[in-house]
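Here the structure comes first, spelled out in structure tokens, and everything after it is commentary.
Residue numbers start from 1 in every chain, and the chains themselves are labelled A, B, ... in the order their sequence lines are given, proteins ahead of strands.
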Amino acid sequence: MQFVTWNVNSLKIRLPQVLEWLAANPGVTALGIQETKLEDTAFPQAEIEAAGFHVAFAGQKTYNGVAIIARAPMTAVSINIPGFADEQKRVIAATINDVRFVCAYIPNGQSLDSDKYVYKLSWLKAFTDWLQGELANHPKLILAGDYNIAPEDRDVHDPAKWEGQVLVSGPERSAFRQLLALGLTDSFRLFDQPEKSFSWWDYRMYGFKRNAGLRIDHLLVSQALKPLVTACVIDKEPRRVERPSDHTPVIVTLAD
DNA sequence: ATGGCGAGACTCTCTCGA
């Protein structure tokens, strides 16, 4: 089984790339997508189903929006964080092959002095509380997403330059550790990885070419699934095409 | 040097992302 997270930065632009990537990766069980930037009425459900997949989605105009594309049927699809009033569509979860797959687009925060940063931290608190219940109900759980948090300095191309910035701040990293404290494990760090492994690069200043990136897209696995994990890799292949997303997929492989 | 790039929208200039 393989589960994937990929912030596509507009599914309208990236749908052909997504379908091509899925065709090239037949082992993928389910793909969690962030930043679809599409209202539900505009979502390309028919095209995705015509390609042989099941799909669940929750979106809005212009910003945010999440979806799950799976090769097997999904059950118990849920949207957003119950009890947390939020117009923004940032969470979708579904059960696939007995695994609870949660796809999240965690807020960016903009800057440490922004209202959006306050929203990010309160969102993370509500999300963590909700996830605790999800884990109790579904011990086999994967949390896939764009976390907008680089957990450690080794996840940052230039830690000195980023010090004090959003995505690396102490409260954000503390919120990330609170997720781990639920019993989740960063599957990427279960294995030896190349130094300077990142999942996002700034479009500007030749960020990808210079590998000036951050590792902010993560796949956390629950204790019940951790022993089954055999690999976790960042796939930079999608960066080879015209008009790539600024994020690239991260893939976790589990024994059946 | 707070710039740079890319996407979206009540667009030709603005917001937002990370």
Side-chain angles (χ1 to χ4, degrees), chain A residues 5-18 32-44 57-67 86-91 103-121 123-124 127 144-176 179 188 196-219 234 236 238-250:
Chain A
T5 186
W6 190 3
N7 179 326
V8 297
N9 183 21
S10 168
L11 188 59
K12 184 179 176 184
I13 299 291
R14 237 67 71 184
L15 178 63
Q17 298 181 27
V18 169
I33 288 175
Q34 303 88 36
E35 285 207 89
T36 61
K37 301 187 178 180
L38 288 172
E39 287 180 300
D40 289 349
T41 52
F43 193 89
F57 50 93
Q60 64 186 94
K61 201 173 182 178
T62 312
Y63 301 118
N64 310 312
V66 283
D86 192 359
E87 296 296 309
Q88 303 185 26
K89 298 295 191 297
R90 294 184 174 278
V91 182
C103 169
Y105 178 45
I106 292 174
N108 172 280
Q110 195 166 62
S111 63
L112 268 56
D113 59 359
S114 168
D115 289 344
K116 291 174 184 158
Y117 184 75
V118 176
Y119 164 72
K120 179 177 192 172
L121 293 179
W123 192 98
L124 277 161
F127 183 61
D146 175 357
Y147 289 59
N148 273 310
I149 301 171
E152 301 175 42
D153 279 353
R154 61 178 166 164
D155 302 311
V156 181
H157 69 97
D158 186 346
K161 187 176 176 180
W162 276 85
E163 192 174 353
Q165 308 262 0
V166 75
L167 312 195
V168 306
S169 74
E172 293 166 88
R173 286 178 167 176
S174 175
F176 186 84
L179 288 169
F188 189 74
K196 309 246 177 221
S197 287
F198 306 125
S199 64
W200 168 87
W201 302 263
D202 202 314
Y203 279 125
R204 299 164 292 189
M205 302 289 289
Y206 302 99
F208 183 72
K209 191 185 282 186
R210 296 190 297 123
N211 197 30
L214 302 174
R215 191 177 71 94
I216 54 176
D217 301 275
H218 308 299
L219 291 157
I234 294 170
K236 293 200 271 190
R239 295 290 316 206
R240 299 169 68 89
V241 303
E242 289 284 318
R243 293 178 90 181
S245 170
D246 47 354
H247 297 251
T248 209
V250 186

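- The listed nucleotides are dA7(B), dG17(B), dG8(B); the one nearest the side chain of E35(A) is dG17(B).
- S10(A) has no side-chain polar atom (N or O) that falls below the 4.0 Å cut-off from OP1 or OP2 of dG6(B).
- Rounded to whole angstrom, the span from the CG atom of D155(A) across to the P atom of dA18(B) amounts to 16 Å.
- Comparing dA18(B) with dC5(B), their C1' atoms sit 12 Å apart, to the nearest whole Å.
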Does D146(A) form a salt bridge (charged side-chain N to carboxylate O under 4.0 Å, His left out) with R90(A)? I'd like the steps, not just the answer.
CA-CA 10 Å; D146(A) 175 357; R90(A) 294 184 174 278; over 6 Å; no
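- We find the NE2-OG1 distance between H247(A) and T5(A) to be 9.5 Å, quoted to the nearest 0.5 Å.
- The side chain of K61(A) contributes an N or O atom lying less than 4.0 Å from OP1 or OP2 of dC10(B).
- Atom name C1', nucleotides dC16(B) and dT11(B): the rounded distance is 15 Å, in whole Å.
- dA7(B) atom P lies 9 Å from atom CG of D246(A), rounded to whole Å.
- The nearest heavy atom of DNA chain B to D146(A) and to L11(A) marks one nucleotide each, and the one closer to the 5' end goes with L11(A).
- Summary of the strand contacts: P244(A) and N148(A) both lie near DNA chain B, and taking for each the nucleotide with the nearest heavy atom, the more 5' one is attributed to P244(A).
- dG3(B) and dG8(B) are spaced 23 Å apart, taking the P atom of each and rounding to whole Å.
- Regarding Q60(A), its CD atom lies at a distance of 13 Å from the P atom of dC16(B), rounded to whole Å.
- Using a 4.0 Å heavy-atom distance criterion, K120(A) is classed as making no nucleic acid contact.
- Atoms NE2 (H247(A)) and P (dG6(B)) sit 14 Å apart, rounded to a whole Å.
- Dashed line: the shortest gap from a side-chain N or O of Y105(A) to OP1 or OP2 of dA18(B) is under 4.0 Å.
- In this structure, N7(A) places its CG atom 17 Å from P of dC16(B), rounding to the nearest Å.
- Relative ring orientation between F57(A) and F43(A) is described as parallel, the plane-to-plane angle staying below 30° on a 0-90° scale split at 30° and 60°.
- For E152(A), the CD atom counts as densely surrounded, since its 6.0 Å shell holds more than 12 non-hydrogen atoms of other residues, nucleotides or ligands.
- Look at dG6(B): its Watson-Crick or wobble partner, with both distances under 3.5 angstrom, is dC16(B).
- Per the geometry, CD1 belonging to I106(A) stands 14 Å off C1' belonging to dA18(B), to the nearest Å.
- Phosphate contact (OP1/OP2 of dA7(B), side-chain N/O of R243(A), threshold under 4.0 Å): present.
- When all heavy atoms of H157(A) and N211(A) are compared, the closest pair comes out as CB-O, 3.7 Å.
- Across all strands, Q165(A) comes closer than 4.0 Å to no nucleic acid atom at all (heavy-atom distances).
- Contact annotation: K37(A) does not reach the phosphate of dG17(B) (side-chain N/O to OP1 or OP2, under 4.0 Å).
- In this structure, K161(A) places its NZ atom 14 Å from P of dG3(B), rounding to the nearest Å.
- Contact between the side-chain N/O atoms of N9(A) and the OP1/OP2 oxygens of dC5(B) is not found at any separation under 4.0 Å.
- Nearest heavy-atom pair across Q60(A) and E87(A) is OE1-O, 3.8 Å.
- Sorted by residue number, the members of residues 199-206 of chain A with any non-hydrogen atom under 4.0 Å from DNA chain B read W200(A), Y203(A), R204(A), M205(A).
- For the side-chain hydrogen bond (donor to acceptor under 3.5 Å, both in side chains) test with S199(A), the passing option among D246(A), D217(A), T248(A) is D217(A); the others fail.
- N64(A) comes within 4.0 angstrom of no nucleic acid atom, judged by non-hydrogen atoms across all strands.
- Closest approach of N7(A) and S245(A) over heavy atoms only: O-OG, 2.7 Å.
- Taking atom C1' in both dC12(B) and dA1(B), one finds a spacing of 27 Å when rounded to whole Å.
- Rounded to a whole Å, the NZ atom of K116(A) is 9 Å from the C1' atom of dG17(B).
- On the C1' atoms, dT2(B) is 15 Å away from dG17(B), given to the nearest whole Å.
- Across dG6(B) and dC10(B), the matching P atoms stand 23 Å from one another, rounded to whole Å.
- Note: L124(A) CG to L179(A) CG = 6.5 Å, rounded to the nearest 0.5 Å.
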